Q: 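Take a look at the following structure, please.
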Amino acid sequence: MSDEVILLNFWPSIFGMRTMIALEEKGVKYEYREEEDVINNKTPLLLEMNPVHKKIPVLIHNGKPVCESIIQVQYIDEIWSDKNPFLPKDPYQRAQAFFWADFIEKKLCVCGRRVWTTKGEELEAANKEFIEILKILQSELGDKPYFAGDKFGFVDIVLIGFYCWFPAYEKFGNFSMESECSELMTWGKRCMQTDSVAKSLPDPEKVIGYVLYLKKLYGLE
C-alpha cells in the first residue's frame, strides 16, 4: 500500500517551505492543500489535525498528523531514510545541526517579525539584532558551500525559507542584505539552484505584497 501524504500549508510560510523542500528532496509524492485564510478562517481539517496550536504546516501521513516544521523535516528524514539523508550519522554533528535549527527558530523567526512590525528606535534595535543573528549564522557557515559541508542538509532546509523574505526585511528595515551578509546571500543563491528549493520558495515580490497586506490589516502602516 502506498503512503498517503498531505501537507496543509499557507504559501508565505517559511515553516511550510521547510516541509515542502524536505518532501521534494526525498521524492515523496504528496497532496498540497492551501489554507486560504489562516488568520480568520481555519479549515476544519487543520483544527482537527492540529488542535493544540491550530497552525500550519501540518504533515498528514497515512491519516496521522505531524506538527511543527522542524519535527516534520526530521520525521521525513527518518521515514524516507533511503534517499538524501538530511542529518549526519555522527551524534555530535547531529546535535550541532539541532542546535543551529533551534537557534534559527528561537532567534531569527522572532526578530524577523519585529523588522516589519516596528518603527523608530524599536525598529533600529530589531534591525541591529537581526543582522547580528545573521552574521552569527554566516560565521557558522564559514567558507563551506552548505552548513554541513559539501551537501545541502538539515540546517540549510531550516534556514533557506528566509531567503525569499530577505527583500521584504530589506524594504521595511531599510538595510542591505548584500552589504551586511554577502556570504550568506551567496549561500542562498547556491541553495536556489537546488530544484527542491526553487520549487518551494515563492516570488519575493509576492512576499513583499503579503507583508504590505499584513501591515494594513494590523494598522502598522
Side-chain angles (χ1 to χ4, degrees), residues 12-22 25 53 55-57 59 66-78 84-118 122-170 172-173 175-192 194 196-197 200-201 207:
S13 171
I14 289 168
F15 311 108
M17 293 173 209
R18 296 168 177 170
T19 311
M20 291 171 67
I21 292 166
E25 280 288 306
H53 295 304
K55 293 180 179 180
I56 53 90
L59 179 70
V66 180
C67 302
E68 299 298 308
S69 62
I70 290 177
I71 295 171
Q72 290 167 6
V73 173
Q74 186 179 3
Y75 177 85
I76 291 165
D77 197 33
E78 292 177 359
N84 287 353
F86 306 148
L87 285 158
K89 292 182 179 180
D90 178 75
Y92 180 76
Q93 291 179 353
R94 288 172 71 91
Q96 289 301 298
F98 290 135
F99 171 84
W100 288 111
D102 185 67
F103 177 84
I104 292 163
E105 195 78 347
K106 290 179 178 175
K107 294 285 189 177
L108 199 60
C109 293
V110 175
C111 191
R113 182 177 176 83
R114 286 171 48 215
V115 169
W116 62 266
T117 58
T118 59
E122 197 175 351
L123 174 58
E124 287 181 19
N127 284 349
K128 182 180 179 182
E129 184 181 357
F130 187 69
I131 291 166
E132 286 175 352
I133 292 167
L134 290 173
K135 285 185 174 179
I136 290 170
L137 289 165
Q138 181 172 261
S139 177
E140 171 59 20
L141 176 66
D143 58 1
K144 303 187 299 291
Y146 302 103
F147 278 88
D150 293 330
K151 187 176 179 297
F152 181 75
F154 189 78
V155 179
D156 305 291
I157 293 171
V158 171
L159 181 59
I160 190 55
F162 285 92
Y163 184 76
C164 66
W165 275 74
F166 283 160
Y169 296 136
E170 288 179 310
F172 300 110
F175 61 85
S176 167
M177 284 292 305
E178 192 64 48
S179 63
E180 296 288 353
C181 299
S182 61
E183 293 168 13
L184 199 62
M185 292 301 286
T186 299
W187 162 86
K189 292 169 187 172
R190 183 180 300 116
C191 291
M192 284 298 294
T194 304
S196 62
V197 177
S200 303
L201 268 58
V207 173

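The model shown is predicted, which means the values in this text are computed figures rather than measured ones. As a basis for the values below, the full set of heavy atoms in this structure was taken, side chains included, without hydrogen atoms, waters or symmetry mates.
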Q: With no hydrogens and no angle check, is any side-chain donor or acceptor of Q138 less than 3.5 Å from a backbone partner on E183?
A: yes
Q: Between S176 and S179, is there a donor-acceptor pair closer than 3.5 Å when you use the side chain of the first and the backbone of the second?
A: yes
Q: Taking the side chain as every heavy atom from C-beta outward, state whether I157 and F152 have any atom pair closer than 4.5 Å.
A: yes
Q: Short question: side chain of N127, backbone of E124 - any donor-acceptor pair under 3.5 Å?
A: no
Q: Going by heavy atoms in the side chains, are D77 and F154 under 4.5 Å from each other?
A: no
Q: Taking C-beta and beyond as the side chain, do L59 and I76 meet within less than 4.5 Å on heavy atoms?
A: yes
Q: Please report the closest heavy-atom contact between R18 and C109, naming both atoms and the distance.
A: NH2-SG, 4.1 Å
Q: If I compare all heavy atoms of R94 with all of P88, which pair ends up nearest, and what's the gap?
A: CG-O, 2.6 Å
Q: Determine whether K55 and F15 satisfy the following criterion, side-chain contact (heavy atoms from CB on, under 4.5 Å), listing intermediate values before the conclusion.
A: CA-CA 10 Å; K55 293 180 179 180; F15 311 108; over 6 Å; no
Q: L123 and G173: which non-hydrogen atoms are nearest, and at how many Å?
A: CD1-CA, 4.3 Å
Q: What residues form a ring pair (Phe, Tyr, Trp, His ring centres under 6.0 Å) with F162, not counting sequence neighbours?
A: none
Q: Does any non-hydrogen side-chain atom of P57 lie less than 4.5 Å from one of Q72?
A: yes
Q: Can M185 and W187 be said to form a side-chain contact (heavy atoms from CB on, under 4.5 Å), step by step?
A: CA-CA 5 Å; M185 292 301 286; W187 162 86; over 6 Å; no
Q: Which residues pass the ring pair (Phe, Tyr, Trp, His ring centres under 6.0 Å) test with F86, sequence neighbours left out?
A: none
Q: Suppose we screen for salt bridge (Lys or Arg N to Asp or Glu O under 4.0 Å). Which residues come up paired with E68, at least two apart in sequence or across chains?
A: none
Q: So E25 and K151, salt bridge (Lys or Arg N to Asp or Glu O under 4.0 Å) or not? Walk me through it.
A: CA-CA 12 Å; E25 280 288 306; K151 187 176 179 297; 5.4 Å; no
Q: Is there a side-chain contact between F98 and Q74, using heavy atoms and a 4.5 Å cut-off?
A: yes
Q: Is the shortest heavy-atom distance from the side chain of M192 to the side chain of L201 under 4.5 Å?
A: yes
Q: With a 3.5 Å cut-off and sequence neighbours excluded, list the donor-acceptor pairs that the side chains of residues 140-150 form with protein atoms.
A:
| residue | atom | partner | partner atom | Å |
| --- | --- | --- | --- | --- |
| E140 | OE2 | W100 | NE1 | 3.4 |
| K144 | NZ | E140 | O | 2.7 |
| K144 | NZ | L141 | O | 2.9 |

Q: Please report the closest heavy-atom contact between I160 and C191, naming both atoms and the distance.
A: CD1-CB, 3.5 Å
Q: Below 4.5 Å, heavy atoms only, C-beta onward: do I70 and V158 meet side chain to side chain?
A: yes
Q: Give me the atom names and distance for the closest heavy-atom approach of V155 to A97.
A: CG2-O, 3.6 Å
Q: For P12 and M17, which heavy atoms make the closest approach, and how far apart are they?
A: O-CE, 3.3 Å
Q: Quick one: list whatever passes side chain to side chain contact (heavy atoms under 4.5 Å, CB included) with I133, sequence neighbours left out.
A: F103, K107, L108, C111, E129, L137
Q: With side-chain contact (heavy atoms from CB on, under 4.5 Å) as the test, would you mind laying out the steps for Y163 and L184 before giving the verdict?
A: CA-CA 9 Å; Y163 184 76; L184 199 62; over 6 Å; no
Q: Measure the shortest side-chain to side-chain distance between L134 and Y169 over non-hydrogen atoms and say whether it is less than 4.5 angstrom.
A: no
Q: Is the closest basic N to carboxylate O distance between E180 and K135 below 4.0 Å?
A: yes
Q: Could you pull out all residues at least two apart from K89 that satisfy side chain to side chain contact (heavy atoms under 4.5 Å, CB included)?
A: none
